Amino acid sequence: MHFNELKVEEKILRAIEQLGYTEPTEVQEKVIPVALDKQDVLVKSKTGSGKTASFAIPLCELVDWEENKPQALVLTPTRELAVQVQEDITNIGRFKRIKGLALYGKSPFSKQKLALKQKTHIIVGTPGRVLDHIEKGTLDVSKIEYLVIDEADEMLNMGFLQQVESIVKLLPKNRTTMLFSATLSDQIKKLSSKYMKQAVSIEIDSAEENAPNIEHVKYVVMEELKLSLLEKLTIIENPDSCIIFCRTKERVDQLVDSLDEKGYTADKIHGGMMQEDRFEVMDEFRKGEFRYLIATDVAARGIDIEDITHVVHYDVPLEQESYVHRTGRTGRAGRSGKSIMFATPHEDKFVREIEAFIGFSIPTGIDLSADKVAQNRAAFNAKMKEQPEAKVSKSEQLNANITKLYFNGGKKKKLRAVDFVGTIAKIDGMTADDIGIITIQDNVTYVEILNGKGSLVLKTMRNTTIKGKLLKVHIAHK
Ligand code: AMP
């Protein structure tokens, strides 16, 4: 099947093509037509299957560009995932100029409130902050026609059920609801039957979407010997990019300090950190600026980082599902990966539960002899010293052709998006399709110019008026 066969407009097909997606994944093939038909849908599928695009494509297609109030709401369990989904929506909706906005906690409310005064088509947020905005009247949900609950099982694990239900009750009844979950527990089924209408149920066969090219191994190790085992393993494996999961934030802090001392390029992420720091660390890891990310399970869900070669479960996950989610950070998009679990002798019970859950027993890793460590040490030391190769993300590739321009006039000068489009599209060599997202604030406006035509527009707009006004224009700083 090809994306062309789906009933989506050319502007969206073009964005999909530029993202490098050649054919729909299984979940996309099954979900997109149903969603475009505005039927409720309950989807059992994991991250890594392309499920974000399976709702982002229909949402971008279905929302009406003219409407200023938000028409779609996507709820996610973590802030990192909210930002990632919002970015995916922006990438897919770029040529239709779809505006997505991420709302999440531990970040200034007032800034979000201001952003909500702008035209926004799709809101992506974590339940607490979304509910807060609705209750304070800063998020108008009267025009919400589409609701997506992403990673629903994780949402319940994190104790967000009540907040999710409170939000759903405040939304218009006449809407399309899509619920995505890695597992379909009774609680999830109950939630869906309570809030969805004759939902079409879609299950993506996990055998097919589960990356078969992940190698699993386990080591039984005493707690006090974990660090030296990790050291030996990393010397032998010499990973390019590795996530090490620990059970608590204290253990993350300790381990990152120990690895720092040993000269590893390591950083950490856990729920006790400031949100800005969390984003920054994820961003740097995504770009490949350091090789070892030490994390609690906040980083286990949904986070899509290319080319993670190794996942280490430094502590056995207490829930079987976490094993699958942690492991799913590697071996993405058909690549191979390795999952290595450390278990102390008395954690046998948890290991057996995990093995029963995944349906196979995890082989015990081979002995890491001193000889083998010695043989690999030189290569390991060499890699420790070299700067990791920078990774370029898909959205960066897409953004390479985009220039954001700043104009020193906005709402107070009675300027509207049509005024900018009208003037800029008339420039020789430009069409309306070369114009991306326009953000109009009280005194400034940002206009994205696509297809590498930024400098042409910049040059021309320096001496061209908009609605009779000559505005200052320069490349926006961010
Ligand atoms: P998700 O399951 O939404 O986290 O997506 C997993 C990864 O697959 C992301 O990096 C997507 O950009 C990528 N992806 C989504 N759809 C496709 C597709 N049709 N072809 C290739 N890659 C895709």
Side-chain angles (χ1 to χ4, degrees), residues 1-6 8 12-33 35 41 43-61 74-78 80-94 100 102 122 124 148-154 178-183 202-206 208-211 213-214 241 243 282-283 285-288 299-308 311 324-337 391-399:
M1 189 183 188
H2 194 265
F3 280 109
N4 283 340
E5 293 165 51
L6 299 166
V8 288
I12 290 170
L13 291 177
R14 186 152 34 105
I16 293 172
E17 189 188 298
Q18 290 202 4
L19 280 165
Y21 302 171
T22 47
E23 54 185 63
T25 62
E26 189 187 353
V27 65
Q28 292 163 1
E29 211 171 288
K30 291 187 174 153
V31 174
I32 296 174
V41 55
V43 187
K44 180 179 173 219
S45 162
K46 295 198 186 77
T47 52
S49 57
K51 77 175 162 66
T52 313
S54 81
F55 61 81
I57 292 170
L59 290 185
C60 288
E61 170 71 21
V74 182
L75 296 175
T76 67
T78 68
E80 281 74 12
L81 191 55
V83 171
Q84 191 176 292
V85 168
Q86 188 263 332
E87 281 171 3
D88 284 352
I89 287 172
T90 303
N91 287 336
I92 290 167
R94 176 143 268 141
I122 302 173
V124 187
V148 177
I149 304 177
D150 195 13
E151 302 276 348
D153 51 345
E154 179 68 356
M178 305 162 85
L179 191 147
F180 291 79
S181 188
T183 50
I202 294 175
E203 286 200 23
I204 303 302
D205 183 14
S206 58
E208 201 168 319
E209 50 139 8
N210 255 345
N213 34 8
I214 295 181
S241 192
I243 299 195
M282 288 311 278
D283 210 39
F285 190 55
R286 187 169 274 127
K287 288 187 187 142
R301 280 283 182 145
I303 296 305
D304 181 35
I305 295 181
E306 286 172 49
D307 297 337
I308 292 175
V311 168
V324 178
H325 293 296
R326 288 172 169 191
T327 303
R329 298 313 102 216
T330 183
R332 293 174 80 76
R335 294 203 174 85
S336 60
K391 298 182 198 170
V392 184
S393 71
K394 283 189 214 95
S395 54
E396 262 176 88
Q397 288 163 20
L398 200 66
N399 284 336

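Just the heavy atoms: all of them, side chains too, but no hydrogens, waters or symmetry mates, feed the values below. Predicted model, so just to flag it, every value in this text is computed and none were measured. All ligand and atom numbering here is 1-based and tracks the order in the structure.
Using a 4.0 Å cut-off to heavy atoms of T52, the atoms of ligand 1 that qualify are 1 (P), 3 (O), 4 (O). Under a 4.0 Å criterion applied to the non-hydrogen atoms of S49, ligand 1 contributes the atoms 2 (O).
Considering backbone and side-chain atoms alike, K51 places an N or O below 3.5 Å from some N or O of ligand 1. The distance criterion of under 3.5 Å between nitrogen or oxygen atoms is not met by P24 with respect to ligand 1.
For the pair V8 and L13, the minimum side-chain heavy-atom distance is below 4.5 Å. V85 has its side chain within reach of F55: a pair of non-hydrogen atoms, C-beta onward, lies under 4.5 Å apart. At least one side-chain heavy atom of I204 sits less than 4.5 Å from a side-chain heavy atom of K30. The shortest side-chain heavy-atom distance between L81 and E151 falls under the 4.5 Å cut-off.
The proximity of F3 to ligand 1, defined as any non-hydrogen pair under 4.0 Å, is limited to the side chain. Contacts between E23 and ligand 1, counted as non-hydrogen atom pairs separated by less than 4.0 Å, involve the backbone only.
Separating the CD1 atom in I16 from the CG atom in L6 is a distance of 7.5 Å, to the nearest 0.5 Å. How far CG of L59 is from CG of D88: 12.0 Å, rounded to the nearest 0.5 Å.
Closest heavy-atom approach to atom 22 (N) of ligand 1 among the candidates F55, F180, Y21: Y21.
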